[in-house]
Structures are given as structure tokens and as C-alpha cells.
Amino acid sequence: MNALTTLTTITLVLFNANLNAAYTGEGEGGNSSNASTVMVRRDLVGPDFLPVTNGGMILMREVRQTVNGFEVKVKTANGSLRMKGTFVDEQLTVANGVFSYYHDNGRLESEGRIEHGVKTGVWTRHDRAGNARGEKIYNGQTYEQMAVSNGWSAPQN
């Protein structure tokens, strides 16, 4: 692990500890007996938004249960938003709702709807400067379904 990765990890662990202390009421002037507090789970994830498995880039994933499912926000160490969306399940395996992805400079990269884990409808896309790029239209089929219906051959290894 290099020095930058170690420093980033320490910063995020302290960031996570401070956020959890504030949530539980252990932080400055907090009141842990507040019954209306929403439960928040925080995980360290990589650039693929999955749990960290190596010493690469580390992001903070916040998960909140809502009436619509589990709202997820992924942020960098400085608090810049990288992704937000909603999942049906607590394990975050079935995406469902509007999802937004952001460039590392904080500008919107893409936004669209995912229904039961499959992209659908029109997705808007933007470059790093915020300029609109061509929209992508998804018909609600998985990649495998599109490959079969379009007669695409399997990728060669």
C-alpha cells in the first residue's frame, strides 16, 4: 500500500467514524434517543461502487432505507458525489429507480432509469465540462437478451 492510499484510507476511516458518531449521538451535542433518526450504513467501496478488495481508490457508500427501497449515495473522501440511486434490497443487488453518475469533478456524467436491474428509457450523458453528449436509449433488455434478438456473436477471448 503506498503512502497516498494509506493516507486516503485513514482519512476515510476517520470520516466514517465521525459520521457514525454523529448518527449515534456520540458526536458534538448529539441526542441518541431521537426516535425519528434514519438508519444509515456506511461502507468503503472502490471505483466500481463494490466493496474494496485491494489498495485502489476508496469511496464512501451511504445506504439509507426509505419507503421506496434503499437509497445509495457514493462520495469521494472530500464529499463529492459520484453516484446516487435506489435499490430494492438491502444487499444492493437489484437497482430500481433513477440513477445519476458524476464525473470526478462533480459534474453530471449520466442519468437515467433502471427497472429491476436493467437500464431502460432515455439516458442523458454529459462530458466532463458539462456539455450534453448523445443520449442513449435502452429498451429494457439485458445485454444477453439484446445479443440474442440482434444476432450478435459472443465476444472472442
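None of these values were measured; they are calculated from a predicted model. Every heavy atom of this structure was used, including side-chain atoms; hydrogens, water molecules and symmetry mates were not.
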> State which residues pass side chain to side chain contact (heavy atoms under 4.5 Å, CB included) with Ala129; sequence neighbours excluded, sorted by chain then number.
Asp127, Asn131
> For a quick test of your reading: what N or O donor-acceptor pairs under 3.5 Å do the side chains of residues 93-100 make, sequence neighbours left out?
residue	atom	partner	partner atom	Å
Thr93	OG1	Asp89	OD2	2.4
Asn96	OD1	His116	N	2.8
Ser100	OG	Glu111	OE2	2.5

> Could you grab the distance from atom CZ of Arg42 to atom CD of Glu62, nearest 0.5 Å is fine?
4.5 Å
> Start with the C-alpha gap between Arg82 and Asp104, add the side-chain angles, then the distance that decides, and say whether side-chain contact (heavy atoms from CB on, under 4.5 Å) holds.
CA-CA 7 Å; Arg82 293 302 302 271; Asp104 58 0; 3.9 Å; yes
> CE of Met39 to CD of Gln65: how many Å apart, nearest 0.5 Å?
10.0 Å
> Can you name the residues that form a side chain to side chain contact (heavy atoms under 4.5 Å, CB included) with Val63, not counting sequence neighbours?
Arg41, Asp43, Arg61, Phe70, Val72, Leu92
> Dump the intermediate steps for salt bridge (Lys or Arg N to Asp or Glu O under 4.0 Å) on Glu109 and Arg107, then the final yes or no.
CA-CA 6 Å; Glu109 186 273 325; Arg107 293 182 186 258; over 6 Å; no
> Which residues end up grouped with Ile137 if you chain together Ile, Leu, Val, Met, Phe, Trp and Tyr wherever their side-chain heavy atoms are less than 4.5 Å apart?
Val122
> So, using salt bridge (Lys or Arg N to Asp or Glu O under 4.0 Å) as the criterion, who are the partners of Glu90 when residues are at least two apart?
none
> Tell me every residue that passes side chain to side chain contact (heavy atoms under 4.5 Å, CB included) with Tyr138, counting only those two or more places apart in sequence or in another chain.
Lys119, Trp123, Lys136
> With Ser110, which of Arg125, His126, Arg133 fulfils side-chain contact (heavy atoms from CB on, under 4.5 Å)?
Arg125
> Would a single hydrophobic cluster contain both Val88 and Val118, if residues Ile, Leu, Val, Met, Phe, Trp and Tyr are joined by side-chain heavy-atom contacts under 4.5 Å?
no
> Other than Leu108, what residues sit in its cluster of Ile, Leu, Val, Met, Phe, Trp and Tyr side chains whose heavy atoms are under 4.5 Å apart, directly or through others?
Leu81, Tyr102
> Hey, are Asn78 and Ser80 close enough side-chain-wise for a donor-acceptor pair under 3.5 Å?
no
> As an exercise, state the distance from CG of Leu59 to NZ of Lys73, rounded to the nearest 0.5 Å.
15.5 Å
> Should Val45 and Val74 be marked as a side-chain contact (heavy atoms from CB on, under 4.5 Å) after you check the CA-CA gap, both sets of side-chain angles, and the distance that decides it?
CA-CA 8 Å; Val45 297; Val74 176; 4.0 Å; yes
> Can you name the closest pair of heavy atoms from Asn139 and Thr120 and give their distance?
C-OG1, 4.5 Å
